[in-house]
There are 2 protein chains.
Amino acid sequence: MEKETTIYDIAKELSISPTTVSRGLNNHPAVNKDTKQKIFEVATQMGYRSNTFASSLRKQRTNTIGVIVPLLNSNFQSSVMAGMEKIANEAGYNLIISQSLETVQKEITNAKTMFDNRVDGLLVSIAYDTENIDHFEPFFSKGIPLLFYDRVPEHKKCTSIVIDNTQAAYTATSHLIEQGCKNIVHISGNLKVNVYKERLKGFKYALMDNDIPIVDSSVIVTDLSEEAGIKAAKQIIQMDPMPDGVFVSNDYCAVSCIKTLKQAGISIPKDIAVVGFNNDPITRIIEPNLSSVNYPGYEMGEMAVRTLINYLDGASDVSITNTITLRSELVVRESTGKLKHTSLAIH
Amino acid sequence: MEKETTIYDIAKELSISPTTVSRGLNNHPAVNKDTKQKIFEVATQMGYRSNTFASSLRKQRTNTIGVIVPLLNSNFQSSVMAGMEKIANEAGYNLIISQSLETVQKEITNAKTMFDNRVDGLLVSIAYDTENIDHFEPFFSKGIPLLFYDRVPEHKKCTSIVIDNTQAAYTATSHLIEQGCKNIVHISGNLKVNVYKERLKGFKYALMDNDIPIVDSSVIVTDLSEEAGIKAAKQIIQMDPMPDGVFVSNDYCAVSCIKTLKQAGISIPKDIAVVGFNNDPITRIIEPNLSSVNYPGYEMGEMAVRTLINYLDGASDVSITNTITLRSELVVRESTGKLKHTSLAIH
DNA sequence: TTGTACGCGTTATCAC
DNA sequence: GTGATAACGCGTACAA
């Protein structure tokens, strides 16, 4: 491992001061054009690379954004990551990514690591069982911008990027009603999580606005896994009268539910119409294709990083903005088409 | 933004030297137990956090691993990331992730960024059009361990983590032949990419070993996209005689191919049996369920980081190992079941 | 077991 | 337009 070239080496080579070299490399306006030119030449020629730590140490800034995500391997989250990476990369920021694996415990550890690594800002989608945000307190008190997305805590301190889950669920449920469904079931996730709670709310509002009674059996709370879909389907089959519409808070669960229903000889959408949530690619693989709420993960990732960088550049203040709501829309496919439908959205 | 606590502040508070504080915090054996105890107490009490840069600057080590991946939002790659993150996190390493978006150009930029950020090691799955590895030269010459996974270059310098693509393709094709297929088509990806080239090789070997002639139309080269699957299906339908087996290098493409064939009234597997590659969750959603080669992405990610960290810890030398091959196996499902089959592998 | 003194490479500050 | 100097916070050789 040979020795690294530093600005001193370049300075010596050119018989100028390290200060000038530093300025030159950073394109400081008050440096002679020719000098600058020479500096760059010698730098590349000597294989110079700037030392990020030394710079960070001095500037108290890392050009690094931390991300804490529940699980990396889901279509939604990886789309978000992709969007984040794109914008961050373009803006010259690095992304340090960690997963909480859906546990507060790891989320706490990861938050600490991010803090110790002095990320310039942090983006978080909280874990399944996160109930308070004490572990992010250091970020608040140090004034490090913190942005939540998708799974966000209910706390006035927090700036969040979300979609209008209540509205989306309302639209999805209303769509089922428009298709003639009169007895609709909602398969929900953990109601401690904001997104599922809000979707349930939208579901209920839609029923209420259409004078459809809400009973206990109208809502099945699950973990939205594939197995949960199977279990819920079996439960639905047992119901008397059997529901004619199902709104599921997640596409994977909806798909396994549909599969189970089909195996039981139930026809989708004739007997039961189904709507999912997320607009995962699998919606177009299951037969019949699944109607779903399009959740713009990639755009959410882009927006999150863009917003964070705006804060960092001092263009705006975190504490001012409270919630950024992205647009989502229902994509209608065969699973709710009492008549033959085509997709309302181009995709 | 209040001032950060440093080891000097702790030292002053305890009237001892910064050296002792540093040693204490790093659990140096030659520090008095009581002193250590007190140091930790005061540290937490004063809200001390170690300064990573200062430390990195001093130690010439960042505890950071860089990852360059073609695209983040695929099931395979996000599984790999998940596995990587898990091991890295456990070992106290951070992961800086960037995507090349399938272009060499961005791969080159990203490699430079990783180099400038002085990652301790780098993990790379190369882009679609990467033809040489000159841009990784700085890593070689500086002795920074570099590991390729999945999409690896053909270069003796490179240490790689892969599966035996040739063998896997051979097994998949042989399986089709065992099911009675006599006229098999292979839908391949860009043949410049090692994985697709090798899978084609395995496909050909299997045909040869079974005295099945290989003709030009036996291989359809595509980009393995959803559209490519549709196009390939249409091509297959036109063939005379029509093939009775298809081996596709990617599940997504296989699925869209199956959908198109079904729409044309072709029965799977009766008329045409289909095998995919990757064992993506969608294999269990398409009807009939798709037989596929299980590609252990999560395990590959774990292995990659574990191997890299071994190098970093000096436990082994990069240049010694050349290729690490992970096990993969064929998962048989309905899409190739001339008879009723159950999955050979538990999943 | 503890302390002194210096260097890691960069940039901010001030001076010219 | 350029330079000298200090400081960022930590780790370590050397000394005690």
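Lettering of chains follows the sequences in order, A, B, ..., and the numbering in each one begins at 1.
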Q: C:dT11, OP1 or OP2 - any side-chain N/O from A:Tyr8 closer than 4.0 Å?
A: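 For C:dT11, OP1/OP2 do not have a side-chain N/O of A:Tyr8 under 4.0 Å.
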
Q: Side chain of B:Asn26: nearest nucleotide among D:dG9, D:dG11, C:dG3?
A: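 Minimum distance to the B:Asn26 side chain belongs to D:dG11.
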
Q: Taking NZ from A:Lys12 and P from D:dG3, how many angstroms apart are they, rounded to a whole number?
A: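 My rounded result for the distance is 15 Å.
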
Q: Can you check the A:Asp34 CG to D:dG1 P distance for me, whole Å?
A: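 Nearest whole value for this atom pair: 11 Å.
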
Q: According to a strict under-4.0 Å criterion, is B:Ser17 in side-chain N/O contact with OP1 or OP2 of C:dG3?
A: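 Yes, B:Ser17 has a side-chain N/O under 4.0 Å of OP1/OP2 on C:dG3.
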
Q: Quick one: are A:Thr64 and B:Asn94 in side-chain contact, heavy atoms under 4.5 Å?
A: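 Side chain of A:Thr64 against side chain of B:Asn94, heavy atoms only: no contact under 4.5 Å found.
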
Q: Salt bridge or not between B:Glu85 and A:Lys106? Use side-chain N to carboxylate O under 4.0 Å.
A: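 Judged by the 4.0 Å cut-off on N to carboxylate O distance, B:Glu85 and A:Lys106 do form a salt bridge.
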
Q: Has the side chain of B:Thr19 got a donor or acceptor that lies under 3.5 Å from a partner of the other kind on the base of C:dT4?
A: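 A donor-acceptor contact between them is present.
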
Q: In this structure, how many angstroms lie between the C1' atom of C:dG9 and the OH atom of A:Tyr48, rounded?
A: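 My rounded result for the distance is 8 Å.
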
Q: For a quick test of reading the model: is some side-chain N or O of A:Ser22 closer than 4.0 Å to OP1 or OP2 of C:dT10?
A: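 So the side chain of A:Ser22 is outside the cut-off, no N or O lying under 4.0 Å from OP1 or OP2 of C:dT10.
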
Q: Could you tell me whether A:Asp116 and A:Lys112 have a side-chain N and a carboxylate O separated by less than 4.0 Å?
A: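 A salt bridge is present here (some side-chain N lies under 4.0 Å from a carboxylate O).
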
Q: Using the side-chain heavy atoms of A:Ser55, tell me which of these nucleotides is nearest: C:dT11, D:dC10, C:dC8.
A: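 So the nucleotide nearest the side chain must be C:dT11.
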
Q: If you take atom types as modelled and just measure distance, does the side chain of A:Arg58 reach the base of C:dA12 with a donor-acceptor pair under 3.5 Å?
A: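 Per atom types, no contact qualifies.
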
Q: Can a cation-pi geometry be assigned to A:Lys142 and A:Phe115, taking NZ or CZ under 6.0 Å from the six-membered ring centre and within 45° of the ring axis?
A: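 No, cation not above the ring by the 6.0 Å, 45° rule.
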
Q: Mind checking B:Ser56 for me? I need base, sugar-phosphate or nothing, with any heavy atom below 4.0 Å counting as a touch.
A: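 Nothing, no heavy atom under 4.0 Å.
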
Q: Does a side-chain N or O of A:Thr35 approach OP1 or OP2 of D:dT2 to a distance below 4.0 Å, or not?
A: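 Yes.
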
Q: Could you check how far CD1 of A:Ile7 sits from C1' of C:dT11, rounded to whole Å?
A: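 Whole-Å distance recorded here is 8 Å.
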
Q: Which nucleotide wins on minimum distance to the side chain of B:Ala30, given the candidates C:dT2, C:dT11, D:dG1?
A: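 Among the listed nucleotides, the one closest to the side chain of B:Ala30 is C:dT2.
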
Q: Find out whether B:Lys36 and B:Asn27 are in side-chain contact, i.e. whether some heavy atom of one side chain is under 4.5 Å from a heavy atom of the other.
A: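 The answer is yes; the side chains approach within 4.5 Å.
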
Q: Does A:Arg49 or B:Pro29 map to a spot on DNA chain C nearer the 5' end, using the closest nucleotide for each?
A: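 Its nucleotide being nearer the 5' end, the pick is B:Pro29.
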
Q: Nearest whole Å is fine: how far is C:dT13 P from A:Lys59 NZ?
A: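 The distance from NZ of A:Lys59 to P of C:dT13 comes to 14 Å, rounded to the nearest Å.
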
Q: I need the CG-P distance between B:Asp9 and D:dC10, as an integer number of Å.
A: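 Going from CG in B:Asp9 over to P in D:dC10 covers 9 Å.
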
Q: Starting at atom CD1 of B:Ile16, determine the distance to atom P of D:dC10, rounded to an integer number of angstrom.
A: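 B:Ile16 atom CD1 is separated from D:dC10 atom P by 14 Å.
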
Q: Checking contacts here: which listed nucleotide (C:dT11, C:dG9, C:dC14) is nearest the side-chain heavy atoms of A:Arg23?
A: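 Side chain of A:Arg23 sits closest to C:dC14.
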
Q: If you pin B:Leu57 and B:Val31 to their nearest nucleotides in DNA chain C, which one's is more 5'?
A: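 Comparing both residues, the 5'-ward one is B:Val31.
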
Q: Given atom CZ of B:Phe53 and atom C1' of D:dC8, what is their separation to the nearest angstrom?
A: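 Taking atom C1' of D:dC8 as the reference, CZ of B:Phe53 is at 11 Å.
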
Q: Salt-bridged, B:Lys157 to B:Glu137, with N to O below 4.0 Å?
A: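 Here B:Lys157 pairs with B:Glu137 in a salt bridge, since their nearest N and O are under 4.0 Å apart.
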
Q: Does B:Asn51 or B:Pro18 map to a spot on DNA chain D nearer the 5' end, using the closest nucleotide for each?
A: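 Here B:Asn51 is the residue nearer the 5' end.
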
